[in-house]
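Input: a single structure, listed below in structure tokens.
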Amino acid sequence: MDVWQGLLFGLQQAIQPMMLLYCFIGVFIGTLIGVLPGIGAMATISLLLPVTYHIPPTGAIIMLAGVYYGAQYGGSTASILLNLPGTPSSAVTCLDGYQMAKQGRAGIALFMTTIASFVGSMLGVAILAGFAPSIAEIGLKFGPAEYFSMMALGLLAASTLASGSPLKGLAMVVLGLLLGTVGTDVNSGVARFYFDIAELMDGINIVALAMGLFGIAEVVGSVNQPRDGHMTHAIRLREMLPTREDWRRSWMPMLRGTGIGAFFGALPGTGASIASFMSYAVEKRVAKEPGRFGQGAIEGVVGPEASNNAAAQTAFVPTLSLGIPGDAVMALMLGALIIHGIQPGPLLMSNQPDLFWGLIVSFAIGNILLVILNLPLVGMWVAILRIPYHVLYPAILIFIALGTYSVNNNVFDIHMVALIGALGYGLAVLRFEAAPLMLGFVLGPLMEENLRRALLLSRGDPAIFIERPISAVFLAAGALLFVWSLGGVLRRTLRERERARG
């Protein structure tokens with residue numbers, strides 16, 4: 001069965017009334033939990049998993065998948081309006097999206113994130129449909145050495161996320177790496193840096209970290225500012241429509257973000273969070289005016305949003321075609337498939353074409369439904385900014401507490417988010433930015449794990465990282481990036497000295 005025949009066959013499955021209903025339920029719930037900070041797709045899918053016992057396999061997977069990629073759409077809403085990442089992959093959207101809201105451009109930011117999410121998702125679906133077998137083969141060529149080198153490149157790129165000093169950006173990456181070492185070592189089983197606190201044996205909760213760094217720090221930093229919201233009037237349709245300049249600045253970042261997201265989504269163990277941070281780093285690196293980033297640059301919003309939505313679609317490549325979950329959410333999806341007696345792997349496309357192609361076509365239908373759902377709600381979401389801050393801030397703190405608690409049902413996580421919030425506020429006062437820390441925290445444990453695996457395979461010989469061609473290319477790119485960044489710092493220093501002399 002070729003791609004076109006498969007898509008036509010999948011269309012017949014996906015447009016059945018019950019399948020459309022399951023798709024709508026999934027994307028609606030996904031959008032809702034994406035908007036509510038901290039809850040996340042994983043907790044929601046976990047709660048819905050028992051419900052799927054009474055649903056046909058195709059309908060169950062379509063609904064759960066809708067929750068997953070629907071949350072990517074909704075996650076940007078709280079990031080833009082309240083500086084609260086609805087999902088971990090939306091944390092980077094806070095950097096420029098919230099600044100756009102403060103400038104009275106929240107409607108445009110939300111409109112463009114919906115369009116970017118749609119573009120990234122639909123292109124991701126096209127890549128999934130057309131190149132799933134090829135992408136799976138590329139993914140199989142990635143061993144521990146390749147993953148380590150790729151993540152080392154990512155950490156070097158992370159230092160460019162900071163709009164200020166590169167040294168401060170690097171310091172935040174290192175702090176993120178240190179926080180990522182807390183918990184039980186997956187190789188030896190030894191608990192480390194947990195200070196005899198049992199709750200830290202599983203590591204620091206990423207939701208608590210994101211909420212503290214972006215949410216609590218913003219509330220504490222802004223609570224004494226005499227403001228009554230960013231918007232004082234009802235939003236009109238004309239104010240939501242992007243300008244020609246916005247469109248000009250957005251279309252290339254959307255395409256680049258889609259490519260980055262499709263690549264990282266298809267690699268087991270990476271996922272949407274890494275893809276969105278990488279996209280932001282790339283956009284800042286290729287921008288003619290990198291100083292605009294962190295000040296409300298629309299490229300810093302649409303690139304990561306296209307990236308995390310494309311990654312959400314292509315994350316199904318290793319799950320369906322190899323039976324290897326790319327992240328924790330995909331592990332749940334894999335569990336749902338197995339519960340229904342479906343064995344993911346290379347034979348899934350031929351053994352159960354109705355499930356495979358029906359799921360792919362449902363992605364396209366679900367993304368169309370998400371645009372129909374999200375665009376009319378932009379005005380309603382922006383109305384949140386008209387609420388006075390003395391009313392809004394207590395509500396934000398309640399959502400943070402509820403969202404953080406809902407992940408593990410543990411009060412300790414609320415204490416952690418308060419402590420991390422105090423740290424985040426202190427770092428913000430000292431002009432250290434949170435985004436590089438988040439990427440260091442996400443990449444660090446994966447990087448350490450793959451480093452140790454690679455050295456085990458090579459019997460301790462570090463030459464494995466340059467002997468394997470893909471790994472060597474990533475390391476060479478990292479070296480070039482480091483030299484380029486160092487050159488930029490030297491040029492800036494020379495310009496400042498010349499100015500001081502003049």
Side-chain angles (χ1 to χ4, degrees), residues 88-89 135-159 170 173-193 202-204 206 209 260-279 281 311 314-315 317-319 321-331 334 436-482:
S89 62
I135 294 173
E137 286 178 16
I138 293 171
L140 285 173
K141 292 179 182 176
F142 272 66
E146 285 77 13
Y147 278 116
F148 170 81
S149 301
M150 180 180 68
M151 290 170 190
L153 173 61
L155 288 180
L156 284 169
S159 63
L170 195 58
V173 169
V174 173
L175 179 57
L177 290 172
L178 291 174
L179 293 177
T181 61
V182 175
T184 304
D185 178 14
V186 295
N187 288 287
S188 65
V190 175
R192 55 190 185 178
F193 308 121
D202 287 332
I204 295 172
I206 189 172
L209 186 68
I260 293 167
F263 175 74
F264 281 101
L267 294 176
T270 51
S273 297
I274 293 174
S276 60
F277 279 101
M278 286 292 194
S279 174
T314 57
V317 171
T319 305
S321 58
L322 300 176
I324 302 172
D327 56 22
V329 178
M330 285 296 107
L334 190 67
L437 187 155
M438 279 295 294
L439 187 59
F441 180 79
V442 171
L443 284 180
L446 294 170
M447 190 175 174
E448 179 194 5
E449 187 179 336
N450 284 286
L451 170 66
R452 294 169 75 171
R453 281 181 184 170
L455 291 175
L456 278 171
L457 290 171
S458 67
R459 298 181 182 274
D461 184 4
I464 188 174
F465 297 105
I466 55 174
E467 288 173 352
R468 296 177 68 92
I470 297 175
S471 173
V473 168
F474 281 130
L475 290 178
L480 288 173
L481 181 62
F482 177 76

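Scope of the values below: all heavy atoms of this structure, side chains included, with no hydrogens, waters or symmetry mates.
For F441, the ring-ring contact (aromatic ring centres under 6.0 Å, His included) criterion is met by no residue, not counting sequence neighbours. For P445, there are no side chain to side chain contact (heavy atoms under 4.5 Å, CB included) partners, not counting sequence neighbours. Every residue was checked against the ring-ring contact (aromatic ring centres under 6.0 Å, His included) condition with F474, not counting sequence neighbours, and none meets it. Every side chain to side chain contact (heavy atoms under 4.5 Å, CB included) that L475 has, sequence neighbours left out, goes to S149, F465, I466, S471. Partners of R452 by salt bridge (Lys or Arg N to Asp or Glu O under 4.0 Å), not counting sequence neighbours, listed by chain and number: D185, E448.
Here the CZ atom belonging to R453 is positioned 10.0 Å from the OH atom belonging to Y147, to the nearest 0.5 angstrom. Taken to the nearest 0.5 Å, the CD1 atom of I260 stands 13.0 Å off from the CD1 atom of I274. The structure places OG of S279 at 10.0 Å from CZ of F264, a figure rounded to the nearest 0.5 Å. L179 CG to I204 CD1: the interatomic distance, rounded to the nearest 0.5 Å, is 4.5 Å.
Between A275 and G261, the shortest heavy-atom distance links the atoms CB-CA, 3.9 Å.
Within the structure, salt bridge (charged side-chain N to carboxylate O under 4.0 Å, His left out) contacts touching residues 457-479 (residues at least two apart or in different chains) are E146-R468. Here salt bridge (charged side-chain N to carboxylate O under 4.0 Å, His left out) pairs that include residues 473-482, with residues two or more places apart or in two chains, number zero.
With hydrogens and angles ignored, the 3.5 Å screen pairs a side-chain donor or acceptor of R192 with a backbone N or O of T181.
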